[in-house]
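To keep things clear, I will list the structure first and then write my remarks on it.
Scope of the values below: all heavy atoms of this structure, side chains included, with no hydrogens, waters or symmetry mates. What you see is a predicted model; the values in this text were computed from it and never measured.
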Amino acid sequence: MNKFYKEICKYYEDIFPTNEAQLNFLNNISDGKDYLDIGCATGLVAKNLENLGKNVICIDLEQSMVEEARKKGLKVYEKNMLELDFEEKFDVCYCIGTTIAHLEDINQICSFILKTMGLLKENGKLVLSWVNFKPFILKNDLFLGALPTLGTKVKFTRNYYRENSKIRFNTVLTTENEKFENTQLLVPLLVDDLISFVNRLGLKYEIYGNFKKDKFDEENSPSVVFVVSK
């Protein structure tokens, strides 16, 4: 079990509390009831959706997150996000919080999207969200930028650095007594990469700058919300 994730799990919902705009977006994106949460973390989003009447199946790779999500009474599988071997079909699959950028490269991301689209019912939707990397990669420095520090009970800092063709994402969790650090290489996924791919598949898509549905601006929007429809 990854020690960093074991520790962050204890404070995860203080760092990432319920985002009402995100919850409303996911709840209202479909009249259907069957949802798949890919990378559910502690299951807060999934549980909130269940409370609104959705049926949510969850997956996460980290054992500590899976155990915490199961405490909420959720149906959770400890799976890699490429292991989408479900017999069920879903109205909505969602992969949020920049989880998609943890895959190996753009080819693996495209494979993930293709496999996920196969799990959707007719008129189903795939919702993806990630940090807008465009402002970062336009910089020439090794240090690309930081996101706002989060947490009330703890301090959670997030910094981005250039590392060859990828982005090194450095996170530090500081509690009252200890400090835990984690580094993850991310694919610098750009909107144009996905537009090209979904166009080749003949799929429909919508793009927003956040879950409030503000217009996406590639140089200024802090995030990307990308919805692919069958």
### Task
Mark yes when over 12 heavy atoms from residues, nucleotides or ligands other than Lys230 sit less than 6.0 Å from its NZ; otherwise mark no.
yes
### Query
Between atom CG of Asn170 and atom CD of Glu163, what is the distance when rounded to the nearest 0.5 Å?
11.0 Å
### Query
Within a strict 4.5 Å, meaning less than it, do heavy atoms of the Ile106 and Phe197 side chains meet?
no
### Summary
With Asp91 as partner, the option from Leu36, Asp34, Ile29, Asn123 fulfilling side chain to side chain contact (heavy atoms under 4.5 Å, CB included) is Asp34
### Query
If we only count heavy atoms from C-beta on, is the Met81 to Thr99 side-chain gap below 4.5 Å?
yes
### Task
Look at atom CG of Asp31 and say whether more than 12 heavy atoms of other residues, nucleotides or ligands are closer to it than 6.0 Å.
no
### Query
Of all heavy-atom pairs between Val187 and Leu103, which one has the smallest distance, and what is that distance?
CG2-O, 3.0 Å
### Glu104 backbone acceptor or donor facing Gln108 side chain under 3.5 Å
yes
### Query
Just how far is it from atom CG of Asp193 to atom CD1 of Ile109, taken to the nearest 0.5 Å?
8.0 Å
### Query
Does any non-hydrogen side-chain atom of Val92 lie less than 4.5 Å from one of Val127?
yes
### Query
After noting the C-alpha distance and the side-chain angles of Ile195 and Ile207, does the key distance pass the side-chain contact (heavy atoms from CB on, under 4.5 Å) rule?
CA-CA 10 Å; Ile195 289 176; Ile207 308 171; 3.6 Å; yes
#### Entry: Over 12 foreign heavy atoms within 6.0 Å of CG, Asn140
no
### Query
Side chain of Lys54, backbone of Gly32: donor and acceptor closer than 3.5 Å?
yes
### Tyr77-Phe86 aromatic ring centre distance below 6.0 Å
yes
### Query
In this structure, are over 12 heavy atoms from other groups packed under 6.0 Å from Lys212 atom NZ?
no
### Task
Evaluate the side-chain proximity of Leu203 to Met117: yes if any heavy-atom separation is below 4.5 Å, no if none is.
yes
### Query
Mind checking whether Val76 and Ile59 sit in one hydrophobic cluster, side chains of I, L, V, M, F, W, Y counted as touching below 4.5 Å?
no
### Query
Distance-only, no hydrogens or angles: does the Ser111 side chain make a donor-acceptor pair with backbone N or O of Asn107 under 3.5 Å?
yes
### Task
Kindly give the heavy-atom pair with the smallest separation between Ile57 and Glu88, and that separation in Å.
CD1-OE2, 3.6 Å
### Message
Which heavy atom of Ser129 sits nearest to which heavy atom of Val225, and what is that distance?
### Response
CB-CG2, 4.3 Å
### Query
When hydrophobic residues are tied together by side-chain contacts of less than 4.5 Å, even through go-betweens, does Leu74 share a cluster with Leu44?
no
### Which residues share a salt bridge (Lys or Arg N to Asp or Glu O under 4.0 Å) with Glu78, sequence neighbours left out
none
#### Entry: Approximate separation, where rounding is to 0.5 Å, of Tyr5 OH and Leu173 CG
11.5 Å
### Query
Does the cation-pi check pass for Lys125 over Tyr94, that is, NZ or CZ under 6.0 Å from the six-membered ring centre and within 45° of its axis?
no
### Task
Answer yes if the ring centres of Phe90 and Tyr35 are under 6.0 angstrom apart, and no otherwise.
no
### Task
Following the transitive rule for hydrophobic clusters with a side-chain heavy-atom cut-off under 4.5 Å over Ile, Leu, Val, Met, Phe, Trp and Tyr, establish whether Tyr11 and Met65 coincide in one cluster.
yes
### Message
Regarding Lys166 and Asp105, does a basic nitrogen lie under 4.0 Å from an acidic carboxylate oxygen?
### Response
no
### Message
As an exercise, state the distance from CD1 of Ile167 to CG of Leu185, rounded to the nearest 0.5 Å.
### Response
10.0 Å
### Message
The test is salt bridge (charged side-chain N to carboxylate O under 4.0 Å, His left out); show your working for Asp60 and Lys79 and say whether it passes.
### Response
CA-CA 6 Å; Asp60 202 280; Lys79 283 178 176 286; over 6 Å; no
### Message
Ignoring hydrogens, what is the shortest heavy-atom contact between Cys9 and Ser64? Give both atom names and the distance.
### Response
SG-O, 3.5 Å
### Task
Begin with the C-alpha distance, continue with both residues' side-chain angles, and end with the deciding distance and a verdict on side-chain contact (heavy atoms from CB on, under 4.5 Å) for Ile96 and Phe25.
CA-CA 12 Å; Ile96 57 181; Phe25 184 99; over 6 Å; no
### Query
Is it true that the side chains of Glu50 and Asn55 contain a donor and an acceptor less than 3.5 Å apart?
no
### Query
Does Thr98 use its side chain to pair, donor to acceptor, with the backbone of Val131 at less than 3.5 Å?
yes
### Linked, directly or transitively: Ile38 and Leu120 (ILVMFWY side chains, under 4.5 Å)
yes
### Task
Provide the full list of side-chain hydrogen bond (donor to acceptor under 3.5 Å, both in side chains) pairs with a residue in residues 146-160, sequence neighbours left out, each pair given once.
Asp14-Thr152
### Message
So that I can tick it off, tell me whether Arg70 and Glu67 are bridged by a salt bridge, with the cut-off set at under 4.0 angstrom between side-chain N and carboxylate O.
### Response
no
### Query
Do the side-chain N and O atoms of Glu206 and Tyr208 include a donor-acceptor pair separated by under 3.5 angstrom?
yes
### Message
I'd like to check Leu186 versus His102 (side-chain heavy atoms, cut-off strictly below 4.5 Å). Are they in contact?
### Response
yes
### For the student: nearest non-hydrogen atoms of Ser221 and Gly209, plus distance
OG-CA, 3.8 Å
### Query
Is it true that a side-chain atom of Asn27 and a backbone atom of Leu23 form a donor plus acceptor pair closer than 3.5 Å?
no
### Message
I'd like to know if the side chain of Trp130 and the backbone of Leu189 have a donor-acceptor N/O pair within less than 3.5 Å.
### Response
yes
### Query
Under 6.0 Å between ring centres, would you say that holds for Phe4 and Phe180?
no
### Query
Are more than 12 heavy atoms from other residues, nucleotides or ligands located less than 6.0 Å from atom CD of Glu122?
no
### Task
Any chance you could measure Lys115, atom NZ, to Leu82, atom CG, to the nearest 0.5 Å?
6.0 Å
### Query
Yes or no on side-chain contact (heavy atoms from CB on, under 4.5 Å) for Ile113 and Leu194, after CA distance, side-chain angles and deciding distance?
CA-CA 9 Å; Ile113 292 172; Leu194 287 200; 3.5 Å; yes
#### Entry: Point-to-point distance, once rounded to the nearest 0.5 Å, from OG1 of Thr175 to CG of Asn177
5.5 Å
#### Entry: Test applied, side-chain hydrogen bond (donor to acceptor under 3.5 Å, both in side chains); reference residue, Thr42; option that passes from Lys10, Glu13, Glu62
Glu13
### Message
Does any part of the side chain of Ser223, heavy atoms only, come nearer than 4.5 Å to the side chain of Asn132, both counted from C-beta?
### Response
no
### Query
How are the rings of Phe16 and Phe156 set to each other: parallel, tilted or perpendicular (split at 30° and 60°)?
perpendicular
### Query
Backbone N or O of Asp192 within a donor-acceptor pair of the Ser196 side chain at under 3.5 Å?
no
### Query
Between Val198 and Val224, is there a shared hydrophobic cluster once you connect ILVMFWY residues whose side-chain heavy atoms come closer than 4.5 Å?
yes
### Query
Distance-only, no hydrogens or angles: does the Asn48 side chain make a donor-acceptor pair with backbone N or O of Val45 under 3.5 Å?
no
### Worked verdict on Phe133 versus Leu144 for side-chain contact (heavy atoms from CB on, under 4.5 Å)
CA-CA 9 Å; Phe133 292 119; Leu144 301 179; over 6 Å; no
### Task
For Asn210 and Asp214, test the side chains for any donor-to-acceptor distance below 3.5 angstrom and give the result as yes or no.
yes
### Task
Quick one: closest heavy-atom pair of Cys58 and Ala46, and the distance?
SG-CB, 3.5 Å
